[in-house]
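Before any comments, here is the structure.
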There are 2 protein chains.
Amino acid sequence: MRDLPAGSVDMIFADPPYNMQLGGDLTRPDNSRVDGVDDAWDKFDDLKAYDSFTREWLSAARHALSDDGTLWVIGSYHNIYRVGSLLQELGFWILNDVIWRKSNPMPNFRGRRFTNAHETLIWAAKSERTRYVFNYESMKSLNDDLQMRSDWLIPICSGQERLRDKEGQKAHSTQKPEALLHRVVMASTKPGQLVLDPFFGSGTTGAVAKRLRRRWIGIEREEGYAKLARKRIDRVEPLADPELLEIKQKRAEPRIPFGWLVERGLLEPGTVLYDPNRRLTAKVRADGTLVCSSPQGDHHGSIHKVGAAVQGATACNGWTFWHLNVEGRSVPIDVLRQKLRAELN
Amino acid sequence: MRDLPAGSVDMIFADPPYNMQLGGDLTRPDNSRVDGVDDAWDKFDDLKAYDSFTREWLSAARHALSDDGTLWVIGSYHNIYRVGSLLQELGFWILNDVIWRKSNPMPNFRGRRFTNAHETLIWAAKSERTRYVFNYESMKSLNDDLQMRSDWLIPICSGQERLRDKEGQKAHSTQKPEALLHRVVMASTKPGQLVLDPFFGSGTTGAVAKRLRRRWIGIEREEGYAKLARKRIDRVEPLADPELLEIKQKRAEPRIPFGWLVERGLLEPGTVLYDPNRRLTAKVRADGTLVCSSPQGDHHGSIHKVGAAVQGATACNGWTFWHLNVEGRSVPIDVLRQKLRAELN
DNA sequence: TCAAGACCTGAATCCTGGC
DNA sequence: CGCCAGGATTCAGGTCTTG
């Protein structure tokens with residue numbers, strides 16, 4: 001990081017290692033063994049060693065970060081208090097801490113503690129008075145027109161998204177979900193800005209940055225992970241239509257925010273939706289809004305607002321109005337909400 | 001706190017002040033600053049002053065706390081990283097951090113940040129290896145028979161519960177909801193134990209402790225708040241029915257040795273047991289041990305020992321591992337223990 | 001082919017008492 | 001303190017197997 005020109009980076013996302021102690025094996029109640037994190041890069045002798053490591057990378061990050069840039073750090077109770085304390089000492093100004101609530105955390109097998117169901121992100125500016133980027137309206141749109149809160153419910157990375165090696169084993173022990181990085185990048189950068197991840201790992205930050213048309217730099221010590229990340233990011237297509245990335249204003253309604261479908265990957269930005277008669281089309285944008293051209297003119301906004309506008313009506317339930325092509329059949333997007341709602345219950 | 005006998009307190013709940021107005025040292029008037037350098041030094045001084053205040057009360061708390069006691073601290077991003085970092089340095093061992101998710105937080109008015117919708121609690125033991133209290137089954141019951149997670153959704157204190165003065169103004173600016181303290185006290189203490197709150201404020205900790213039949217001590221510098229808290233707690237009635245307080249705890253149930261099943265005739269010597277996949281068999285002997293021949297060799301000993309041996313594992317719960325044929329169905333031998341336990345009650 | 005159920009796994013500071 | 005043995009303990013989501 002020290003090699004980067006001073007102040008050249010617009011946003012930093014960092015997931016520093018933190019394993020200070022490796023106990024014996026943890027087994028599940030059925031006696032199967034939990035495949036924990038035991039990578040060599042993840043070991044520290046004591047608090048002091050961890051603190052100097054942390055101070056070092058944080059000050060390098062501070063050097064690389066532009067004056068108006070922001071820093072995100074993610075961690076758990078093992079390390080986040082040390083990181084947060086040190087970044088305050090280095091002059092960073094905490095804007096929020098954000099809780100990543102995991103919908104599917106690993107249970108506590110011994111019944112000795114609360115299920116560890118979250119991780120903490122700290123979002124900080126370089127100092128108290130800076131003009132940092134916060135795409136307030138995008139966040140609000142992603143949250144169905146309610147202010148985005150500091151607690152985010154997002155599943156851990158598993159299934160198809162999880163990178164695996166030839167033997168089907170997870171390729172990286174702490175791969176972050178793209179939905180998390182989507183929200184981070186959307187919140188605190190503009191298209192074209194430069195994002196740095198100093199602990200690149202499987203490259204989730206780069207993959208999301210590339211898709212959202214941000215520039216990115218990843219630093220990774222392990223050549224194996226670097227290769228993995230390169231391969232992964234090569235397959236990512238930047239969103240083609242710059243309009244889909246435009247940061248917008250205003251939107252409409254309730255329960256499961258439509259934006260979550262986008263974040264969660266149930267709906268790709270750019271997906272085409274149809275009205276019930278298949279006369280009109282609308283495109284899904286990255287912030288969970290739609291764009292639609294109709295004989296009456298162009299419309300953009302929430303699924304509800306655009307649905308109403310193209311009908312010349314005052315109200316519309318976008319969930320039942322807009323349809324999706326699924327294997328040749330037209331299906332209301334509400335099925336995705338139901339799917340997501342089921343997942344989140 | 002220093003006046004309390006060392007190790008006399010079973011649990012501490014602390015909501016330390018953090019507005020940087022603790023006495024003269026921490027006061028930071030909002031006067032204009034000369035330049036950035038002064039600003040940085042100024043800030044450093046503030047952090048330093050807050051840190052010494054924190055180190056002081058934390059070490060006093062450590063002195064008062066019994067070796068098997070636990071400490072809870074609640075805070076926000078302004079101070080929680082300093083508190084967490086310092087308590088680690090003092091030797092406390094973090095068990096969980098817990099997120100209090102507010103269902104009704106104050107919105108962010110200026111739209112420059114995420115809505116600050118949570119506070120953080122740190123739960124810590126006095127050191128790494130202690131026998132702290134955690135009422136696992138109580139927490140599980142509170143959560144619809146699912147393990148209690150580290151994120152708690154609880155509304156802020158308002159309405160009837162909020163203490164008000166004669167003019168109808170809130171009597172204390174940071175009154176905590178009793179639901180929050182209820183969960184804290186229920187999780188980490190037993191009835192009759194001693195709870196200390198060194199920043200007593202409106203006395204929520206005392207009110208809940210009294211109702212749940214814990215003993216309590218409150219420390220409060222402001223006489224006005226102390227008076228308020230006394231009045232409030234005087235009106236609280238301890239729960240009359242001890243059963244309401246009873247902590248459902250499987251661990252406290254009488255231990256039933258496997259051999260008793262044989263002694264009591266619930267299991268005949270010579271009975272054949274099976275592993276869950278019905279690949280292996282073991283025979284019950286008159287002394288309550290098993291004999292088992294497996295591809296890896298012969299084994300003899302307790303149900304747990306033999307179960308572990310045949311799996312090549314280091315541990316095994318024999319009660320759930322070994323099965324019995326009952327009318328054609330395979331049933332874990334634990335059902336016999338339950339039967340005997342019922343007979344013995 | 002489909003539905004039901006078995007099986008696998010995820011950043012985890014994960015037991016306790018007696019000798 | 002170390003060692004040993006008894007015995008208590010899991011949720012959600014995705015994939016695979018079976019009928």
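Sequence lines set the chain letters: A, B, ... in the order given, protein chains first and strands last, and positions in each chain run from 1. What you see is a predicted model, and the numbers here were worked out from it, not measured in a lab.
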> If each of B:Trp319 and B:Arg149 is mapped to the nucleotide of DNA chain D with the nearest heavy atom, which maps nearer the 5' terminus, i.e. the 5' end?
Replying inline: B:Trp319
> According to the Watson-Crick and G-U wobble definition with distances under 3.5 Å, which dot-bracket string, read 5' to 3', encodes DNA chain D, using [ ] for crossing pairs and | for pairs with another strand?
Replying inline: .|||||....|||||||||
>> Taking the minimum atom-to-atom distance to the side chain of A:Arg112, which one of D:dT10, C:dC14, C:dT16 wins?
In response: C:dT16
> Between B:Asn317 (CG) and C:dC15 (C1'), how many Å, whole number?
Replying inline: 13 Å
> Given D:dG2, is OP1 or OP2 found less than 4.0 Å from the side-chain N or O atoms of B:Arg129?
Replying inline: no
> Any side-chain donor-acceptor pair under 3.5 Å between A:Asn108 and B:Tyr136?
Replying inline: no
> How far does the C1' atom of C:dT9 sit from the matching atom of D:dT10, given to the nearest Å?
Replying inline: 12 Å
> Taking atom C1' in both C:dC7 and C:dA11, what distance in whole Å separates the two?
Replying inline: 23 Å
> What is the ring orientation for A:Phe114 with B:Trp152, classed by angle as parallel under 30°, tilted 30 to 60°, or perpendicular over 60°?
Replying inline: perpendicular
Please write out the pairs of protein N or O atoms and N or O atoms of nucleotides 1-10 of chain C separated by less than 3.5 Å, giving the distance to one decimal.
residue	atom	partner	partner atom	Å
C:dG10	OP2	A:Lys170	NZ	2.7
C:dG10	O5'	A:Lys170	NZ	3.1
C:dG10	N7	A:Arg28	NH1	3.3
C:dG10	N7	A:Arg28	NH2	3.0
C:dG10	O6	A:Arg28	NH1	2.5
C:dG10	N2	A:Asn104	O	3.4
C:dG10	N2	A:Pro105	O	3.0

> Is the A:Phe199 ring parallel, tilted or perpendicular to the A:Trp57 ring (thresholds 30°, 60°)?
Replying inline: perpendicular
> Do the two ring centres, one from B:Trp123 and one from B:Phe134, sit under 6.0 Å apart?
Replying inline: yes
> In whole angstroms, how far is the P atom of D:dT10 from the CG atom of A:Leu26?
Replying inline: 13 Å
>> I need the NE2-P distance between B:His300 and D:dA5, as an integer number of Å.
In response: 14 Å
>> As a test of reading the structure: which of D:dT10, C:dA12, C:dA11 is closest to the side chain of A:Asp15, going by heavy atoms?
In response: C:dA11
Please write out each protein N/O paired with an N/O of nucleotides 17-19 of chain C under 3.5 Å, distance rounded to 0.1 Å.
residue	atom	partner	partner atom	Å
C:dG17	OP2	B:Arg131	NH1	3.3

>> Quick check on D:dT15: is either OP1 or OP2 less than 4.0 Å from any side-chain nitrogen or oxygen of A:Gln160?
In response: yes
> With rounding to whole Å, what would you report as the distance between C:dT1 and D:dT18 at their C1' atoms?
Replying inline: 13 Å
>> Using OP1 and OP2 only, check whether a side-chain N or O of B:Lys140 sits under 4.0 Å from D:dT10.
In response: yes
>> When you measure from the side-chain N and O atoms of B:Tyr136 to the phosphate of D:dT10, is any distance below 4.0 Å, counting only OP1 and OP2?
In response: yes
> Mind checking the P distance from C:dA12 to D:dA5? Whole angstroms is fine.
Replying inline: 30 Å
